[in-house]
Amino acid sequence: MKLHEYQAKEIFARYSIPVQKGAVVRHPEEILGLDLQYPVVLKAQVLVGGRGKAGGIKLAEKPSESVEKARAILGMDIKGERVTRLLVAEAVDIQQEYYLAFTVDRATRCLVVVASASGGIDIEEVARRTPEKIVKEPIDPFLGFRPFHARQIGRRLGFADAHLGAFARIAESLYQLTTDLDAELAEINPLAVAGGQVIAVDAKLIIDDNALYRQKGLPENEELTGLERDARTHDLSYVELDGDIAVIGNGAGLVMSTLDMLDHFGGRPANVLDVGGGASEEAMKQALDIVTRKPGVRALFINIFGGITRCDDIARGLVANLPQVPMSVRLTGTNEEEGRQILQQAGISASVDPEEAAKKAVVLARGQG
Amino acid sequence: MKLHEYQAKEIFARYSIPVQKGAVVRHPEEILGLDLQYPVVLKAQVLVGGRGKAGGIKLAEKPSESVEKARAILGMDIKGERVTRLLVAEAVDIQQEYYLAFTVDRATRCLVVVASASGGIDIEEVARRTPEKIVKEPIDPFLGFRPFHARQIGRRLGFADAHLGAFARIAESLYQLTTDLDAELAEINPLAVAGGQVIAVDAKLIIDDNALYRQKGLPENEELTGLERDARTHDLSYVELDGDIAVIGNGAGLVMSTLDMLDHFGGRPANVLDVGGGASEEAMKQALDIVTRKPGVRALFINIFGGITRCDDIARGLVANLPQVPMSVRLTGTNEEEGRQILQQAGISASVDPEEAAKKAVVLARGQG
Amino acid sequence: MAVLIDENTRVLVQGITGYQGEFHTKQMLAFGAKVVAGTSPGKGGTRVHDVPVFDTVAEAAVETGANASCIFVPARFAMDAALEAIAARLSPVVVITEHIPVQDAIQVMTYARQKGLRVIGPNCPGITSAGKAKIGIMPNHLFRPGRVGVVSRSGTLTYEIVAALTQAGIGETTAIGLGGDPVIGTTFVDALELFQKDPATEAIVLIGEIGGSAEETAAAYIKARVTKPVVAYVAGRTAPPGKRMGHAGAVIAGTEGTAASKVEALSAAGAVVAELPGQVVGLVKAHLR
Amino acid sequence: MAVLIDENTRVLVQGITGYQGEFHTKQMLAFGAKVVAGTSPGKGGTRVHDVPVFDTVAEAAVETGANASCIFVPARFAMDAALEAIAARLSPVVVITEHIPVQDAIQVMTYARQKGLRVIGPNCPGITSAGKAKIGIMPNHLFRPGRVGVVSRSGTLTYEIVAALTQAGIGETTAIGLGGDPVIGTTFVDALELFQKDPATEAIVLIGEIGGSAEETAAAYIKARVTKPVVAYVAGRTAPPGKRMGHAGAVIAGTEGTAASKVEALSAAGAVVAELPGQVVGLVKAHLR
């Protein structure tokens, strides 16, 4: 679950990581009531990347200019996301930009600290072109990231004197919140030296969805569409796409290969729902409801290979909640015989070959079924 | 720092360790206002051991009996400690008594869990006679004491069914509070199965004095006499004894050997203060004040071997705060020359040989100096 | 021959009294796997499908000689169960449970590394050595002893490939489901090394998916060390970038992690890459000596 | 010859800019010890007694070849400093600082054990190899190269014994102050093993005190492995039971830990036990060949 910059900064402040003074507004006029030193920066609060290049960040020298520019940003569409909130923060005079993050590293199977003295928006470019400018160290989860580790990283970025201590305290705090909050990513870019201070100018925080059960007091998940949120409440994994074939499968790999097959045969998925391992009749009911509720769905493709999932459970769920759109079903694996029998009794034919079934789904979506 | 049973149990309750319902009273009449089921147990709150055998624990069947027995216990003297508080707790019907503790183990250099199915007042006897009945396992500080460790210990004590989970939760919580509170010892003896429940019937908690700086919200240290408390506030280590020679030394080993020497030559120390490593002039001033304030002191013995401590600092502190009682000084080690010169100028002679100086102190205390 | 598990593997099922644990214990027994013990704290002394249940792994290992584990316990208790299995020196520890917080998985992997033991998963279907042993949830009827080793990040795609290999009369040595989470105990490289060494394995099927760089790392290993034919398939060619496809392992990160990058690396390393899962078995056939 | 440290020891002083760090750096240099670097976070680039100061141990080790550490930093930062020294693979790491919480000391010792490195202390006076090297705070003028190894839990008592050995013309090989805390990195047994192996050490003085069972364990080791004469003294014969004598290491626990038990064990193992510190050197003289 991704948090907005302002939400992440509220958490940073609780962990004593210096951030600019600022406030969030939903309406331009609210800015006039804020007790802030000018100039200020107006920053669109969206979850997609690249808001700066899209015009979502502006500087304002005085309140009237601030309100005017806020009007321009609020309501803006950035990569499909509508701007409903604006972070208004006191501008700082940045002397140097650094990069600092903690994230999960698949290769070392650990959290890693990633840092660079070349921070700023082009950090990915830095990583690609001059990887030697990126410091990356795995963290032993039992020993943790200690103050001396923080000082070592600070020195490798060139921090000295009082700034070294300031950097180290920020790095320690950022690690602490990464583990406390089960963050998959906790990033400060840029971490700036500004006005004799080391300060987090931007903030990104992604919480591990699997750990949300033990993370209380977090803001609501805003990354999801309404249907995605419904799916989440039923522990189903659902993603929206822009075609016309609704897809239900089990297992991430199978689901992805299902999309690949539809694409291969000229079809366009409208969405895709992974019922996961050991899907029950009830899960199947919810799955059918969610994928077919999306406007513009013209056909349904169900691709199930039973392992921990049992074909008879899937079949019962399907028969009890028959969808309104034409469908192509592929069903094989654990309890396959029982499943086919249940479908047959309801007059539903199912394929064993996934490619055959995918082709049929494409035909159905074209209205030629 | 040792806590009273009731203080430890308040902490236990915060960590969800079941304890009997009860309250602390300072006056017998307060018992009548308590909302408790009878019978109740009245337990003297003292820091010394063996209160049960000394008559500090009594059972009462009804309120009137309770008040009467409270009168007998409050004000009692148990091994030199006056009883000022009484824990009144609902009696439980104990089916079996267990022992459970976490403590520091010098040999393995770790915290250890110590447990036994033969709990109760004679646990030391059990340890001596049937050590095989004591389970003792070192704990890796980085991995910690995990739920599975707790279940393993529980099984080794014979817990099964629902009691196994109850025991494991208590053991996990007790470990958690041991590390959270920097306890040197966290002990439940007996941990009882009573009325279908696993419950802490007694509680002992000793906090690491060196960690008190990071332990906020603990009760006041009641283990110390007034002078001992004064010493503590000046970071000096002071212990009261019952003779007539006040002793100041530096280093625990030297201080102990100083007591041994005085004893060897027929002297009896009144108290002993360790000025520690790197004692300053100011520390020496406080040290002199504390040891000589004790009533009955007839002589003072100062035994300093300078290492990190400098003889000139000691000499300056002594000259500036000359005590009223006759004294014998032994001074050698770092900056010995400077120290002797300072003393000489003030007309004080100092010995190099500790045994010679100890003999002199014994003579002075006898009033023959 | 087989890799990782065989007739000498004595399986302990952690969480044996749960719905999945009970069902798959029965399936493993039906497959012929030696399931010798189960654990379920507080339920020691009972039996499930005649398998004795213990309160702790330590007791189960001592009493039954269990030397490997299969974990079905719910996500919030799975880390503790895995640590318990590692502490008792069981290996491999196969973690079926999905939705385990990644920082819990990190602890498990670090502890296993400290002790020098193998973890498979989490969020995986387990391992099956055709005709010999099974730990996990792969459907029994799919397998037939044969010549191909299968390793995959995806459960259901593994079944697809195994079913097709069996149907084609080729059969399998061992199928290993690595699991789809970002932090997993056993990787493609580990599996490739095992299959390369195993005399019964004549060809290897590798099933990857978008996200991470495990396939690229596998490609480098194939180029350097693998002499047996490798047929690969990478799922997610058409998945939208940045969208999560069911589990955290499938987030595209930067330039690495795309299907294109993986396909390119594997092809360059000499692996044959199928465009759809249905083509895999045909390619295996073509490359078997 | 000497044990633990000698002419090749290149000392790093952690906390070199503090009062004690600065003073004892000067003393170590005066003794002839090679103090090659210091650390003090935020003060890198400065010098103390012409010794270069760094922000981190890692930089100091790379730049100066420091291979051992002496820690003077305040108690609340001492654990981090010791972990930093261990991470940089310095050995021995001598922790002078007193009042370190015992759970911090436990972490330090566990980490050192994991890395296979040696810690001395905490709350100790350090190590001195007469005429060769010194790490710590033992007064310089006491030492004279000679024939006896000294190991002690007490700092000031070490000085007493060393001064007397020097005065008697016997001299020392190495004196090791183990530290008085309950959890320490190096024990009597470690020191006995080193002295037994060291050809220059002809006799060993062991100075114990009440609390714990380190002396009893040492006695068992002496009986089994030590052929050189051992003269021992145990402080605290008359200390009141259960009272804390200055540090947590001196709490009497149960039946073990009393002076009587220690004296008895050491005597039974063949060590000669003095009743007062002043008798030690006479006993050493009597037992030197």
Side-chain angles (χ1 to χ4, degrees), chain B residues 48-49 104-107 109-111 124 127-128 139-142 178-179 182-184 208-211 213-214 235 237 239-242 249-264 269 272 274 276-278 303-310 332-334 336 353-355, chain D residues 19-20 24 27 75-76 96 98-107 109-111 113 125 137-139 142 152-160 163 180 182-185 207 209-210 212-214 217 233 235-240 243-250 254-255 259 275-278:
Chain B
V48 295
V104 175
D105 183 53
R106 292 159 180 259
R109 296 169 205 170
C110 280
L111 286 175
E124 284 170 37
R128 198 159 38 240
I139 297 161
D140 179 324
F142 297 123
T178 301
T179 56
D182 275 301
E184 286 177 352
D208 180 1
D209 290 334
N210 288 342
Y213 77 86
R214 63 185 178 198
D235 266 333
S237 168
V239 176
E240 302 221 322
L241 304 164
D242 49 14
N250 65 319
L254 181 78
V255 153
M256 283 189 280
S257 77
T258 304
L259 301 187
D260 293 349
M261 277 189 290
L262 288 175
D263 178 77
H264 187 83
V272 54
D274 180 358
N303 186 6
I304 299 289
F305 199 115
I308 200 163
T309 303
R310 305 182 197 175
T332 189
T334 305
E336 177 174 330
D353 180 2
E355 296 185 20
Chain D
Y19 179 77
Q20 299 295 351
H24 288 286
Q27 298 297 315
R76 58 184 74 189
I96 307 302
E98 59 179 353
H99 298 310
I100 296 178
V102 69
Q103 297 198 8
D104 290 4
I106 286 172
Q107 291 195 38
M109 301 320 156
T110 305
Y111 191 50
R113 186 158 44 194
I137 62 172
M138 295 188 193
L142 303 180
S152 169
R153 280 169 70 185
S154 154
T156 39
L157 276 179
T158 309
Y159 312 157
E160 295 272 13
V183 169
I184 51 175
I207 305 164
E209 58 186 46
I210 52 170
S213 57
T217 310
Y233 168 70
R237 202 165 27 84
T238 60
K243 286 272 187 180
R244 284 155 197 252
M245 301 304 300
H247 52 57
T255 50
E275 223 178 302
L276 290 180

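Each chain gets a letter, A, B and so on, in the order the sequences are listed, and its residues count up from 1. All values reported here derive from a predicted model rather than from experimental measurement.
Neither the backbone nor the side chain of D/M138 comes within contact range of chain B, judged by heavy atoms closer than 4.5 Å. Residue contact with chain B, scored on non-hydrogen atoms closer than 4.5 Å, involves the side chain of D/E275 exclusively. Of the atoms belonging to D/L142, it is side-chain heavy atoms, and not backbone ones, that fall under 4.5 Å from chain B. Only the side chain of D/A163 comes within contact range of chain B, with at least one heavy atom under 4.5 Å from a heavy atom of that chain. Only the side chain of D/Y233 comes within contact range of chain B, judged by heavy atoms closer than 4.5 Å. Residue contact with chain B, scored on non-hydrogen atoms closer than 4.5 Å, involves the backbone and the side chain of D/R76 alike. For a residue to count as touching a neighbouring chain, one of its non-hydrogen atoms must lie under 4.5 Å from one of that chain's; by this rule D/I207 does not touch chain B. Both the backbone and the side chain of B/T179 come within less than 4.5 Å of a heavy atom in chain D. Contacts between B/P269 and chain D at a heavy-atom distance below 4.5 Å are absent for every atom of the residue. Contacts between B/T332 and chain D at a heavy-atom distance below 4.5 Å are absent for every atom of the residue.
Judged purely by atom type and a 3.5 angstrom limit, B/E184 has no side-chain atom pairing as donor or acceptor with the backbone of D/V102. In terms of modelled atom types and a separation under 3.5 Å, the side chain of D/T156 and the main chain of B/N250 share a donor-acceptor contact. Here the side chain of B/R106 pairs no donor or acceptor atom with the backbone of D/S213 at under 3.5 angstrom. The backbone N or O of D/R237 lies less than 3.5 Å from a partner atom in the side chain of B/D260, making a donor-acceptor pair.
Here the straight-line distance linking atom CG of B/D209 with atom NE2 of D/H99 works out to 9.5 Å at 0.5 Å rounding. Atom-to-atom distance recorded for D/T238:OG1 and B/L259:CG is 5.0 Å, nearest 0.5 angstrom. The CG atom of B/D140 lies 6.0 Å from the OG1 atom of D/T110; values are rounded to the nearest 0.5 Å.
With sequence neighbours left out, D/E98 forms a side-chain contact (heavy atoms from CB on, under 4.5 Å) with D/N123. Under the salt bridge (charged side-chain N to carboxylate O under 4.0 Å, His left out) criterion, B/R214 pairs with B/D182, D/D104, sequence neighbours left out.
Between chain B and the residues D/P125, D/A235, D/A105, D/G155, the most heavy-atom pairs under 4.5 angstrom are made by D/A235. For chain D, the option among B/A127, B/G249, B/S257, B/A211 with the highest count of heavy-atom pairs below 4.5 Å is B/S257.
Of all heavy-atom pairs spanning B/C110 and D/I106, the tightest one is C-CD1, 3.7 Å. The two residues B/R109 and D/G185 make their nearest non-hydrogen contact at NH1-O, 3.1 Å. Between D/P139 and B/G306, the shortest heavy-atom contact is CG-O, 3.1 Å. In terms of heavy atoms, B/E355 sits closest to D/G278 at OE2-CA, 3.2 Å. Nearest heavy-atom pair across D/L276 and B/M261 is CD2-CG, 3.6 Å.
Between B/M256 and D/L157 the shortest side-chain heavy-atom distance does not fall below 4.5 Å.
A tilted orientation is assigned to the rings of B/F305 and D/Y159, their planes being inclined by 30° to 60°.
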